[in-house]
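In what follows, a single structure is set out as structure tokens and then discussed.
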Amino acid sequence: MKNTEKAPPVSNFIRNIIIEDIKANKNDGRVITRFPPEPNGYLHIGHAKSIVLNFGLAKEFGGRCHLRFDDTNPTKEEVEYIEAIKEDVKWLGYDWGEHLYFASDYFEKLYEYAEELIRRGKAFVCDLSPEEIREYRGTLTEPGRESPYRNRSVEENLDLFRRMRAGEFPDGSRTLRAKIDMSSGNLNMRDPVIYRIMHVPHHRTGDKWCIYPMYDYTHCLSDSIEGITHSICTLEFEDHRPLYDWVLDQLPVPCHPQQIEFARLNLTYTIMSKRKLMKLVETGVVSGWDDPRMPTISGMRRRGYPPAAIRQFCEKIGVAKRDSVVDIGLLEFCVRDELNRTADRVMGVINPVKLIIENYPEGESEELEAVNNPEDPSAGTRMVPFSRELYIEREDFMEDPPKKFFRLAPGREVRLRYAYFVTCTGFKKDEDGNIVEIRATYDPATKGGDSPDGRKVKGTIHWVSAPHAIKARVRLFDRLFSVPAPERVKEGGDFTDFLNPDSLTVLDGCMLEPGLKDAAPGYVCQFERRGYFVVDEKDSVPGSPVFNRIVSLRDSWARIEKQRQQEEARKNKQKSGRKRKR
RNA sequence: UGGGGCGUCGUCAAGCGGUAAGACACGGGUCUUUGGAACCCGCAUUCGCAGGUUCGAAUCCUGCCGCCCCAGCCA
């Protein structure tokens with residue numbers, strides 16, 4: 001058994017920078033990072049990449065990672081999100097210890113810094129309207145024009161700024177702007193707004209403030225106040241780095257952290273934009289932020305993805321600056337890899353059909369021993385009941401099978417896992433031609449699944465004793481989108497055009513091993529030969545669990561079948577082609 | 001002649017002047033009481049393109065080409 005989490009860290013450019021910094025004794029060798037979410041939505045797998053990176057780096061180099069909420073815009077933020085985000089980070093396996101912070105904790109300090117900026121002639125109060133500011137900013141190719149209010153005296157600026165704070169002016173009437181360079185090719189440097197008036201209560205500071213600092217001004221100073229050494233963010237902030245550095249260069253700050261940008265995570269068949277995820281929730285396409293099909297941390301938790309698998313995935317994808325799209329198959333691989341080692345095995349029939357053992361005495365039953373996890377002997381064994389009437393998987397029987405089909409068919413012998421060899425003697429159909437019952441005889445000498453005469457059998461199928469089985473609801477999930485890049489929509493189109501209509505299948509007649517009756521919410525197991533399942537946290541009731549499929553098992557039979565069908569289709573095409581030519 | 005980034009296998013990704021790691025996917029095989037897992041083998045003579053420097057270039061230089069981001073009082 002391998003422990004994949006002990007794999008050596010993958011080299012990446014940020015880690016290399018930190019290694020060099022430590023070598024040069026920069027920051028006295030300290031490594032302090034931070035994960036700075038805005039509490040305006042739920043965390044998703046893209047955030048997990050950042051969390052694993054920031055907390056992982058801190059841990060590897062003996063430093064620490066702060067959790068800081070970037071809560072400078074009260075119109076968009078809610079406390080609900082704060083608690084959800086904390087829970088998600090904890091669940092992923094990370095601990096910020098004492099270091100839980102809020103940008104809003106620094107509002108007073110930030111305000112003082114702003115006055116200092118004014119005193120140093122580096123900021124001014126501007127009376128331009130939002131529209132005018134946009135006009136004055138210029139365009140991507142043309143320089144902007146200086147605001148007519150740019151050269152107010154320090155005294156006037158100070159007075160106006162204090163009155164802004166005091167609430168004397170309405171929303172949008174004035175701003176505090178940094179005085180940098182209206183002709184800069186970098187729009188962020190064209191006298192950016194650093195404070196705006198918003199007569200809106202804040203979820204933490206209440207009515208104390210009616211002016212709120214902007215991200216660019218707040219983030220660098222918050223980093224500095226906390227003594228952050230490496231401020232890691234995503235690529236779209238690359239253009240903001242000059243402003244990050246500018247602010248810190250103007251002020252008597254404790255330290256000057258280094259901002260480093262990396263490419264955000266994109267996943268095939270998935271959307272990652274908070275706005276779009278929010279739309280799915282609000283329009284009821286999914287049942288909520290924690291719908292098991294969502295790429296949110298809470299969705300994956302409910303889906304049954306182990307946090308270790310998500311961590312493993314985030315380590316494996318690497319960190320670079322190139323825009324990329326990771327195959328969602330890699331995430332699924334990580335989930336299977338983790339679950340294979342840790343999940344109990346159990347038998348559950350998703351799509352049941354009756355199997356009658358003709359020579360097994362009616363009304364009798366026995367208990368057979370089954371292994372709980374072949375990958376982990378310490379998981380032990382359990383007893384499962386066996387009787388004359390069983391359920392097996394409908395797809396494990398074929399009336400007229402192709403050569404490579406190793407399962408049950410008329411005259412064929414297979415092994416019932418942990419039970420007996422059985423040979424199919426017949427089957428019954430209803431008027432519509434559906435198979436309603438399969439009949440077989442068993443060989444009592446093969447109890448446990450081994451034949452004393454050394455006779456081999458090609459297939460082993462799972463089963464459940466009909467009179468003992470519990471009936472349960474099982475939900476199968478598929479990818480939410482039917483195309484690899486749902487966010488790459490054509491003009492006029494919408495990402496919802498690509499929703500997969502079959503992303504959720506609810507099955508109510510599934511038959512499971514009786515031991516599963518009282519499985520606790522959150523319990524994860526493998527239904528042998530079918531996949532990994534988790535007892536849903538929300539919809540299960542005691543004694544009646546609802547199972548979510550976490551991920552299917554790799555299915556090489558499905559691959560063989562697909563190849564065979566494609567081959568067939570190809571041949572048919574050739575045939576009809578020849579016919580047409582004649 | 002706006003600014004900032006990025007181009008290494010189908011998908012991620014190491015590589016930092018000494019002759020292309022690894023993972024997923026894919027293909028083949030061994031084994032198997034899960035068509036699972038495990039194990040073995042294969043999978044870029046070439047790094048967007050073209051020149052140049054060098055004994056030697058994915059790595060340095062020059063020029064092209066392609067893709068991404070920026071005109072919120074959002075973060």
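Numbered from 1 within each chain, the chains take letters A, B, ... in sequence-line order.
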Exercise for the section: Say whether A:Thr381 and A:Glu369, considering side chains only, have a donor N or O and an acceptor N or O under 3.5 Å apart. Expected result: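 Judged by distance alone, the side chains do pair up.
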Handout entry: Donor + acceptor pair across side chains of A:Tyr106, A:Glu226 (<3.5 Å)
Key = yes
How far, in whole Å, is [M] from [N] if one measures between their [atom1] atoms?
| N | M | atom1 | value |
| --- | --- | --- | --- |
| B:C73 | B:G18 | P | 48 Å |
| B:G72 | B:A50 | P | 41 Å |
| B:U19 | B:G42 | C1' | 23 Å |
| B:A44 | B:G4 | C1' | 31 Å |
| B:G2 | B:G10 | P | 35 Å |
| B:G66 | B:C26 | P | 34 Å |
| B:C31 | B:C68 | C1' | 48 Å |
| B:G5 | B:G28 | C1' | 42 Å |

Value in whole Å for how far the [atom2] atom of [N] lies from [atom1] of [X]:
| X | N | atom1 | atom2 | result |
| --- | --- | --- | --- | --- |
| A:Asp450 | B:U32 | CG | P | 12 Å |
| A:Gln259 | B:G5 | CD | P | 12 Å |
| A:Phe406 | B:G36 | CZ | P | 11 Å |
| A:Ile560 | B:G36 | CD1 | P | 9 Å |
| A:Glu338 | B:G36 | CD | C1' | 16 Å |
| A:Asn12 | B:A13 | CG | C1' | 10 Å |
| A:Phe313 | B:U11 | CZ | P | 16 Å |
| A:Ile350 | B:G36 | CD1 | P | 18 Å |

Handout entry: Parallel, tilted or perpendicular: rings of A:His240 and A:Phe237 (30°, 60°)
Key =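 Ring orientation of A:Phe237 relative to A:His240: perpendicular.
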Problem - Mutual orientation of the aromatic rings belonging to A:Tyr212 and A:Phe107 [parallel < 30°, tilted 30-60°, perpendicular > 60°] - result: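 Aromatic pair A:Tyr212/A:Phe107 classed perpendicular.
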With sequence neighbours left out, write down each residue that passes side chain to side chain contact (heavy atoms under 4.5 Å, CB included) with [X], or none if nothing qualifies.
| X | result |
| --- | --- |
| A:Arg479 | A:Tyr269, A:Ile328, A:Glu332 |
| A:Arg549 | A:Leu476, A:Phe533, A:Ser552 |
| A:Lys23 | A:Ile19, A:Glu20 |

Are [X] and [N] close enough that a side-chain N or O sits under 4.0 Å from OP1 or OP2?
| X | N | result |
| --- | --- | --- |
| A:Arg322 | B:A13 | yes |
| A:Arg554 | B:A37 | yes |
| A:Arg341 | B:A38 | no |
| A:Thr141 | B:G3 | no |

Problem - All side-chain hydrogen bond (donor to acceptor under 3.5 Å, both in side chains) counterparts of A:Arg165, not counting sequence neighbours - result: A:Glu108
Looking at every strand, decide which applies to [X] at a 4.0 Å heavy-atom threshold: base, sugar-phosphate, or nothing.
| X | answer |
| --- | --- |
| A:Val457 | nothing |
| A:Glu142 | nothing |
| A:Arg345 | base |

Exercise for the section: Classify the side chain of A:Arg407 and the base of B:G35 as holding, or not holding, a donor-acceptor pair under 3.5 Å. Expected result: yes
Problem - Presence of donor-acceptor pair under 3.5 Å, side chain of A:Gln563 and base of B:G27 - result: no
Fill in the blank from the handout: So salt bridge (Lys or Arg N to Asp or Glu O under 4.0 Å) across residues 318-328 of chain A, not counting sequence neighbours, yields A:Glu238-A:Lys321, A:Glu261-A:Lys321
Practice task
Using a strict cut-off of less than 4.0 Å between a Lys/Arg side-chain nitrogen and an Asp/Glu carboxylate oxygen, indicate whether A:Asp71 and A:Lys76 qualify as a salt bridge.
Solution key: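 Salt bridge flag = no for A:Lys76 with A:Asp71.
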Practice task
Run the salt-bridge test on A:Arg529 and A:Asp555 with the 4.0 Å N-O cut-off and return the result as yes or no.
Solution key: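 No.
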Problem - Toward the 5' end of RNA chain B, by each residue's nearest nucleotide, A:Asn16 or A:Phe405 - result: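 Checking each residue's closest nucleotide, the 5'-ward one belongs to A:Asn16.
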Fill in the blank from the handout: Residue pair A:Asn340/A:Ser324 against RNA chain B: nearer the 5' end by closest nucleotide is A:Ser324
Exercise for the section: Mind telling me if B:G15 is syn or anti? Syn here is a glycosidic angle within 90° of 0. Expected result: anti
Among [options], the one nearest [X] by side-chain distance:
| X | options | value |
| --- | --- | --- |
| A:Asp337 | B:C26, B:A13, B:A38 | B:A38 |
| A:Asp555 | B:G35, B:C6, B:G36 | B:G35 |
| A:Leu553 | B:G35, B:A14, B:U34 | B:U34 |
| A:Ala320 | B:A13, B:C12, B:G5 | B:A13 |
| A:Phe333 | B:G35, B:U34, B:C24 | B:C24 |

Output one line per pair: protein atom, nucleotide atom from nucleotides 68-75 of chain B, and distance, for all N/O pairs under 3.5 Å.
from	atom 1	to	atom 2	distance (Å)
B:C68	O2'	A:Asp323	OD2	3.1
B:A71	O3'	A:Arg137	NH2	3.4
B:A71	O2'	A:Arg137	NE	3.1
B:G72	OP2	A:Arg137	NH2	3.2
B:C73	OP1	A:Arg137	NH2	3.4
B:C73	OP2	A:Arg137	NH1	3.0
B:C73	N3	A:Gly172	O	3.4
B:C73	N4	A:Leu128	O	2.9
B:C73	N4	A:Pro130	N	3.2
B:C73	N4	A:Gly172	O	2.8
B:C74	OP2	A:Arg196	NE	3.1
B:C74	OP2	A:Arg196	NH2	2.7
B:C74	O3'	A:Arg196	NH2	3.2
B:C74	O2'	A:Asn73	ND2	3.1
B:A75	OP1	A:Thr72	OG1	2.6
B:A75	OP1	A:Arg196	NH1	3.3
B:A75	OP1	A:Arg196	NH2	3.0
B:A75	OP2	A:Tyr215	N	3.0
B:A75	N6	A:His240	NE2	3.2

Base paired to [N] (Watson-Crick or G-U; both N/O distances under 3.5 angstrom):
| N | answer |
| --- | --- |
| B:G42 | B:C26 |
| B:U62 | B:A50 |
| B:G72 | none |
| B:C67 | B:G5 |
| B:G17 | none |

